[in-house]
Amino acid sequence: MDINSRRLRDGGKPVRIGARAFDLLRYLALNAGRILSKAELLEAVWPKATVDEIAIRVHLVELRKILRTKPDAPWIRAVPGRGYLFLKPVEMGRLAKPGPVDAGLPYVPAEILGRSTFIESSIEKLEVHRLQSIIGTGGIRKTSVAVEIGNHFRAIGRPVIFLDLSTLTADSQLVSYLAMRLDLISFAEDPMPMVLATLAEQPYMLVFDNCEHVIGGCAEVVETILCSTGSTTVLATSREPLGVMGEYVSRLPPLSYPDEGVVPKDVSEYSAVTRDGAAPKRFA
C-alpha cells in the first residue's frame with residue numbers, strides 16, 4: 001500500500017480500489033490492533049460529508065472482495081457495540097502526509113574539504129554505473145561524501161533514499177527498512193514485490209550507508225533491485241565491496257593533514273580540515 005501515490009498492489013501488480021475504500025483501508029491499517037469506533041471512522045474517511053454507518057459497511061464489503069479475505073481468517077473484524085478492528089499484521093512506513101517521498105539525507109554539520117575531486121568523479125561514474133561502492137576504513141567521512149553525492153542528484157530531480165544500515169541487527173530487516181523509507185505499508189510477509197514495483201516507477205537513487213553491518217543481505221537486496229528495475233541507481237558505503245556483478249568500487253583515501261606545526265596556504269587541499277580551518281584529532 002503506497003500512501004503517497006494512493007495505490008494498492010498485490011504482489012507488485014496494481015489493484016483497483018475506490019477512493020473511499022482506500023481511505024478506509026489506510027486508516028484501519030495505520031491503527032491496526034486498536035478498536036475504532038464508527039464515529040471515528042466516519043470522521044476520518046468522510047470528514048466533510050454527512051453519512052451513516054451504512055457507508056462503512058458498503059466499503060467494508062468492497063475491501064473484503066479486494067483483499068480476498070476468508071471467513072475463518074478475516075482482516076477486519078466488527079466488534080459488537082464498539083466498532084471495527086484491523087487484525088492483519090502490518091509493516092508500517094513513516095506515516096508521512098501525501099506528497100513526494102523525502103530524501104532523508106542526513107545533515108553534514110561541516111563542509112569537508114579535499115574531497116571535491118573524488119565527489120565529482122563519483123558523480124560521473126554513477127552516470128555510467130548503476131552501482132558504486134565507496135570503500136574505506138572507519139572515520140574517513142564516507143557517509144559525508146555519500147551525502148554530498150546524494151544532494152547533487154536530488155538537486156537535479158532524482159528521488160534519493162538514504163538508509164543507515166548501522167541501525168540494523170539482521171539481514172532480514174533490510175527489505176522492511178527499505179519499504180519504510182519508501183513510505184509503504186505492507187500486509188505481506190515479503191514486502192520486496194511492492195518495493196520493486198515502487199522503485200520501477202521513478203529513477204530512484206538508493207544510498208546504502210554502513211553496509212558492512214549486513215554485507216550479505218545488502219548484496220542480495222542490491223542485486224535483486226538492479227536486476228528487477230531499469231533505472232534505480234545504488235550508492236553504497238562500506239569497509240568492503242558488496243561483491244555484486246557490475247559493482248564499481250571506489251576507494252576513498254585516508255584523511256590528509258597538514259604537517260605538524262605548518263600553517264598551509266590553502267587548507268582546501270586537506271580532507272581532514274573543515275571550512276572553519278579546524279582539523280580534528282588524528283585517527284589512530
Side-chain angles (χ1 to χ4, degrees), residues 12 101-106 108 112 115-138 140-168 170-182 184 190-253:
V101 176
D102 179 33
L105 288 166
V108 178
I112 56 173
R115 297 297 199 197
S116 59
T117 300
F118 184 93
I119 291 172
E120 291 171 3
S121 174
S122 296
I123 291 171
E124 292 176 358
K125 294 295 188 299
L126 284 166
E127 297 289 353
V128 179
H129 302 276
R130 294 179 61 202
L131 169 61
Q132 179 180 9
S133 294
I134 299 175
I135 305 302
T137 58
I140 61 172
R141 298 179 177 168
K142 296 188 296 293
T143 299
S144 297
V145 168
V147 169
E148 288 298 315
I149 296 170
N151 279 326
H152 166 82
F153 283 95
R154 183 176 62 173
I156 62 175
R158 291 281 297 272
V160 181
I161 304 296
F162 183 89
L163 299 98
D164 179 6
L165 304 188
S166 67
T167 62
L168 305 186
D171 291 358
S172 58
Q173 298 172 338
L174 209 159
V175 178
S176 294
Y177 181 36
L178 177 54
M180 182 192 76
R181 298 299 283 162
L182 288 166
L184 302 175
D190 180 14
M192 181 58 93
M194 178 178 59
V195 167
L196 294 176
T198 299
L199 292 177
E201 293 179 347
Q202 297 186 65
Y204 280 96
M205 164 173 276
L206 304 179
V207 181
F208 288 89
D209 192 37
N210 297 304
C211 295
E212 65 272 7
H213 293 274
V214 284
I215 192 73
C218 186
E220 183 178 346
V221 168
V222 168
E223 188 170 33
T224 299
I225 290 172
L226 295 178
C227 291
S228 304
T229 64
S231 59
T232 305
T233 301
V234 176
L235 176 63
T237 73
S238 180
R239 297 189 181 188
E240 58 182 300
L242 299 184
V244 175
M245 184 177 296
E247 176 183 23
Y248 187 91
V249 177
S250 297
R251 294 194 175 274
L252 187 64

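Just so we're clear, the structure is a prediction, and the values are computed from it rather than from any experiment.
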TODO: Specify the closest pair of heavy atoms between Ile225 and Arg130, including all atoms of both residues, with the distance to one decimal.
DONE: O-NH2, 4.3 Å

Open item on the list: Using a 6.0 Å cut-off, check whether atom CD of Glu220 has over 12 heavy atoms from anything other than its own residue.
Closed with: no

- [ ] State, yes or no, whether a side-chain contact exists between Tyr248 and Leu131 at a heavy-atom distance under 4.5 Å.
- [x] no

Open item on the list: The test is side-chain contact (heavy atoms from CB on, under 4.5 Å); show your working for Val145 and Ile134 and say whether it passes.
Closed with: CA-CA 9 Å; Val145 168; Ile134 299 175; 4.0 Å; yes

Task: Minimum side-chain heavy-atom gap Met192-Thr224 below 4.5 Å - done: yes

Task: Check against side-chain contact (heavy atoms from CB on, under 4.5 Å), Leu235 and Phe208 - done: CA-CA 6 Å; Leu235 176 63; Phe208 288 89; over 6 Å; no

Open item on the list: So, taking the atom named OG in Ser116 and the one named CD in Glu120, what distance separates them when rounded to the nearest 0.5 Å?
Closed with: 5.5 Å

Task: Test item: Thr237 side-chain N/O and Asn210 main-chain N/O as donor-acceptor pair under 3.5 Å - done: yes

TODO: Give, for atom CD of Gln132 and atom CD of Glu124, the distance between the pair rounded to the nearest 0.5 Å.
DONE: 10.5 Å

TODO: Kindly say whether Leu242 contributes a backbone atom to a donor-acceptor pair with the side chain of Glu247 at under 3.5 angstrom?
DONE: yes

TODO: Compare all side-chain heavy atoms of Thr229 with those of Tyr204 and state whether any distance is below 4.5 angstrom.
DONE: no

- [ ] Show the numbers, then the answer: is there a side-chain contact (heavy atoms from CB on, under 4.5 Å) between Ile135 and Leu252?
- [x] CA-CA 6 Å; Ile135 305 302; Leu252 187 64; over 6 Å; no

Task: Side chain Thr198, main chain Met194, donor-acceptor under 3.5 Å - done: yes

Task: Close side-chain approach of Thr233 to Leu206, heavy-atom, < 4.5 Å - done: no

Open item on the list: Let's go through Thr137 and Arg239 carefully: what are the C-alpha distance in whole Å and the side-chain angles of both, what is the deciding distance for side-chain contact (heavy atoms from CB on, under 4.5 Å) to 0.1 Å, and is it a yes or a no?
Closed with: CA-CA 6 Å; Thr137 58; Arg239 297 189 181 188; 6.0 Å; no

Task: Taking every non-hydrogen atom, the tightest pair across Val244 and Ala219 - done: CG2-O, 3.5 Å

- [ ] Please name the pair of heavy atoms, one in Leu165 and one in Cys218, separated by the smallest distance, quoted to 0.1 Å.
- [x] CD1-SG, 3.8 Å

TODO: Using atom types as modelled and distance alone, determine if a side-chain donor or acceptor of Asp209 lies under 3.5 Å from a backbone N or O of Asp164.
DONE: no

- [ ] Find out whether Ile161 and Leu182 are in side-chain contact, i.e. whether some heavy atom of one side chain is under 4.5 Å from a heavy atom of the other.
- [x] yes

Open item on the list: Which residues pass the ring pair (Phe, Tyr, Trp, His ring centres under 6.0 Å) test with His152, not counting sequence neighbours?
Closed with: none

Open item on the list: Ignoring hydrogens, what is the shortest heavy-atom contact between Ser122 and Ile149? Give both atom names and the distance.
Closed with: CB-CD1, 3.4 Å

Task: Euclidean distance, Met245 CE relative to Glu223 CD, rounded to 0.5 Å - done: 7.0 Å

Task: Point-to-point distance, once rounded to the nearest 0.5 Å, from CZ of Phe162 to CE of Met205 - done: 12.5 Å

TODO: Could you grab the distance from atom CZ of Arg141 to atom CZ of Phe118, nearest 0.5 Å is fine?
DONE: 14.5 Å

- [ ] Calculate, to the nearest 0.5 Å, the distance between atoms OG1 and CD belonging to Thr232 and Gln202 respectively.
- [x] 10.0 Å

- [ ] Would you confirm whether Arg158, through its side chain, and Pro203, through its main-chain N or O, come within 3.5 Å as a donor-acceptor pair?
- [x] yes

Task: Distance-minimising heavy-atom pair for Ile215 and Pro241 - done: CD1-O, 3.8 Å

Task: Side-chain heavy-atom pair Leu163, Val207 within 4.5 angstrom cut-off - done: no

TODO: Report yes or no: does Lys125 contribute a side-chain atom to a donor-acceptor pair with the main-chain N or O of Ser250 at less than 3.5 Å?
DONE: no

Open item on the list: What I'd like to find out is whether the side chain of Ile123 reaches to under 4.5 Å of the side chain of Phe153, using heavy atoms alone.
Closed with: yes

